[in-house]
Amino acid sequence: MPSSLHPHDLLDHALTEAGSLARELLNVVQDELDAQPQHYPLREAWRKVRSSFAADFEGKLIELLQAGRRGEDPLNRSAMQLGGLESLSLVDEHQALQDVAIAHVAHAAEELSRAELHQIGNFYAALRGTARARERDNPLRPALYAHALHHALAASPVGAQAQYELMRVAAAPLARALHRLYTQACAELRDAEISDLVASHGQAQTDPLAHQRLAAARGVGARPTNHGTLDGLSRRVDAVNSRPQRLTAAAPPRDPQAPAPFVRTTGPDMLSRLYDQILADPRLLPPLKALLARLQVAVVRLARSDTTLLRRQDHPTWALLNRVAAHGMAFERADDPRLVDFLRFMEAEAQLLVDAPTPTATLFQQVLARVDARIDQQARQSSERNAVALAALEREHLRNEWRELLREQIDHQIAGAPLGPRMHRFLQTSWVDVIVTAMVRHGRDSLEASAAMELVDAVLDSLTTPRDMADRDALRMRLPVLIERLVAGCDSIQLPVDKREPPLSELMAQHARLLRGLPALDPAERRPAPPKPVTPGTAAPASADEIVQRLMEERDSQIPSHWLSADVDRGELPTVPVQLYNDSPDAHAALQRWVDGLQIGRWYHLFIQGDWHTAQIAWIGEGRQFMLFVGREAEQRLSLTRRALEALLSNGLITALEDDSVVQRAVDTLMSDLDGG
């Protein structure tokens, strides 16, 4: 490679342009906001950003570019954290919103400068000596600039929604500025007379997952609609084979040694060609291909007795091949311990199918069930040390919901009970927190939570008037334990003394009355009964004074709305842009079905914290509000909320490996061959 272009020259030029790019972006974003009426509501948020935007953008961009100059990965972010709950990276809907915005900005630049990025990527791949260009190896890739843009917006006092919308506004201006930068870089490659070299570097090598990532980046969440089916392929072959052959004098005789053309295939030959395409899939590692080749013996024998094999794409045989292949494709190295362990398990299962005197669909279904169980077990084992922490995290997420339900339950439970006003409120508020805290710490159905709920009944029972001296003595024996349990509950939530002493003192005073033979509550102090509902037409409407009096006497335990009781900042309530979710009920239902259909052990590609990851679901919370993903490296961990997954899915930033199965790809290839023939 000529020495006229130093490896750092392109980066050094980008570093010198960082300041001018920041100032240009500051001005053109303002122009975009002024020119488009739909952006007027964003001008106030942009006003808060303007003062520090250029400095923040330039500083972050220089930091990222300098990391690339040192040979480091500029975006080596801790998306997959290690350890317990305190170090897990929780991706919620706000983080997902950020990732959607970053992906949008990066994609806009990639679309405008695809040819230039190809050359620049190949240049850095050639410098590193890699067989093909990988996006992450390009220290000038648009994702760096997208991250710098997000950093500049996040450093200002604007909310996640405004950051998202401002990033979308800035996407096109930034893409145009980067196109100019990338064009200059390619001109330097041409001047160094190496543009032809880098343009062809790694041309024969392609990323086998590039089509999935490209579709996801464009927001295409579903598979193409022109995919063929096994039944369609079989019918096409049968139709072509049934046509009479027309021989002409000009037609040259066919070489008897040459393979028969595809259009004249029989069923067994079609199966052979289909299997050849499966084994030719570039995504399969060599040991995985060897395993699938062994299974071919059993598949061919099954085809002789099962005529549905080449007609049904949901046949257990194809489902088994897809499941095994999808699981194996998730690993980058053939020596990965988890892959080696899985292949060792599959050797025994493959031998069972091969040795079967008469393979059947039922036998393949049984093997598929054991494979699913093995993948599930392997995934759960990798999440064991995080499962307890994540379960607590999910329960914490449900705290407000549980609090509302318990307030309603206790309200009905203590209605009409001879409780003093302080103890009445204590059970509705503080003791609800005691129960919820026990549920969060130990589980909804734990002994600790059950004991805290049962204590409400114990308090009510202690206020029943004793019938005789024996009942009084029994009550006197129970009271110390009851008070001790109440105090322990207060300690569990660190309730201040000034909030626990008044209701406990009131309760003990009531117990003293009972032990003297008096009712627990003085009739003069009895709380007024709640107003009965009025049937329309049966009574005159209440006067203003009556309404005020009723509101003053109304019990605190009546269920308030979530935002009235929850301790939230209303300025930071979660908001989702309209682009994320279609208003169609069918679209929303499809999102729900997809998330509800997630299974432990399945592998996915997902765009998180500015980069693509391949990860496996290792844990799903009881309420399906949290999921734990384990990466290709056994120590990688990533937890997502349900709403984050829905946001990623609706923007095409997550896709299952099995959505593009080896069998489907083989069918598509053969259908293409038929069309070409």
Side-chain angles (χ1 to χ4, degrees), residues 7-18 21-22 25 57-58 60-77 79 98-128 130-152 167 170-189 195 198-199 201-202 205-207 209-218 605-614 653:
H8 292 327
D9 284 353
L10 298 185
L11 271 168
D12 289 341
H13 178 71
L15 283 166
T16 60
E17 293 290 324
L21 175 61
L25 200 57
F57 179 85
E58 180 182 2
K60 186 63 175 179
L61 181 58
I62 289 176
E63 174 189 331
L64 295 172
L65 293 174
Q66 287 178 339
R69 199 177 189 280
R70 294 191 299 268
E72 303 170 2
D73 180 7
L75 298 181
N76 185 22
R77 304 182 59 182
Q98 168 187 326
D99 290 321
V100 170
I102 290 175
H104 176 80
V105 172
H107 174 63
E110 289 167 358
E111 285 293 288
L112 191 60
S113 306
R114 188 167 300 279
E116 291 77 11
L117 286 170
H118 175 75
Q119 292 193 50
I120 297 171
N122 280 347
F123 169 67
Y124 285 104
L127 290 178
R128 288 176 169 83
T130 55
R132 59 180 173 84
R134 298 178 303 178
E135 182 184 8
R136 71 182 66 174
D137 292 335
N138 180 2
L140 297 176
R141 61 191 183 273
L144 272 69
Y145 293 85
H147 274 279
L149 174 62
H150 177 266
H151 172 80
M167 286 194 70
L174 179 58
R176 292 192 294 268
L178 290 180
H179 181 69
R180 186 176 64 253
L181 177 67
Y182 294 147
T183 300
Q184 294 171 354
C186 290
E188 293 187 43
L189 295 179
S195 58
V198 299
H201 179 78
Q205 301 287 338
T206 58
D207 182 359
L209 301 176
H211 64 288
Q212 287 189 356
R213 294 194 176 97
L214 180 59
R218 289 176 175 170
H605 293 305
L606 62 163
F607 188 84
I608 288 296
Q609 296 189 348
D611 202 2
W612 284 98
H613 297 277
T614 299
L653 297 180

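- Within the 4.5 Å cutoff, no side-chain heavy atoms of Leu61 are placed close to those of His151.
- Residue Leu653 holds its CG atom at 10.5 Å from NE2 of His107, rounded to the nearest 0.5 Å.
- In terms of heavy atoms, Ala146 sits closest to Ala106 at CB-N, 4.3 Å.
- In this structure, the side chain to side chain contact (heavy atoms under 4.5 Å, CB included) partners of Glu116, at least two apart in sequence or on a different chain, are Ser113, His179, Tyr182, Thr183, Cys186.
- Taking both residues in full, the closest heavy atoms of Glu110 and Leu117 are given as CA-CD1, 3.8 Å, listed atom of the first, atom of the second, then distance.
- For the side chain to side chain contact (heavy atoms under 4.5 Å, CB included) test, residues two or more places apart in sequence or in another chain that qualify with Arg176 are Glu32, Leu112, Ala172, Pro173.
- Taking the side chain as every heavy atom from C-beta outward, His104 and Met167 never approach each other to under 4.5 Å.
- Under the side chain to side chain donor-acceptor pair (under 3.5 Å) criterion, Gln184 pairs with His13, sequence neighbours left out.
- The shortest heavy-atom contact between Ala103 and Phe607 is CB-CE2, 3.7 Å.
- Residues satisfying the side chain to side chain donor-acceptor pair (under 3.5 Å) criterion with Glu17, sequence neighbours excluded, are Ser20.
- Pro139 approaches Gly68 most closely through the heavy-atom pair CB-CA, 4.1 Å.
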- [ ] Step by step, work out the side-chain contact (heavy atoms from CB on, under 4.5 Å) result for Leu25 and Leu174.
- [x] CA-CA 7 Å; Leu25 200 57; Leu174 179 58; 4.0 Å; yes
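- Pairing each heavy atom of Gln119 with each of Leu189, the nearest pair is O-CD1, 4.1 Å.
- Here the options are Leu64, Asn138, Leu149, the test is side-chain contact (heavy atoms from CB on, under 4.5 Å), and the partner is Leu144; only Leu64 passes.
- Closest approach of Glu188 to Leu10, counting heavy atoms only: OE1-CD2, 3.7 Å.
- Atom CD of Gln66 sits about 6.0 Å away from atom CG of Leu15, to the nearest 0.5 Å.
- We find the OH-CG distance between Tyr145 and Leu181 to be 4.5 Å, quoted to the nearest 0.5 Å.
- In this structure, the side chain to side chain contact (heavy atoms under 4.5 Å, CB included) partners of Glu63, at least two apart in sequence or on a different chain, are Lys60.
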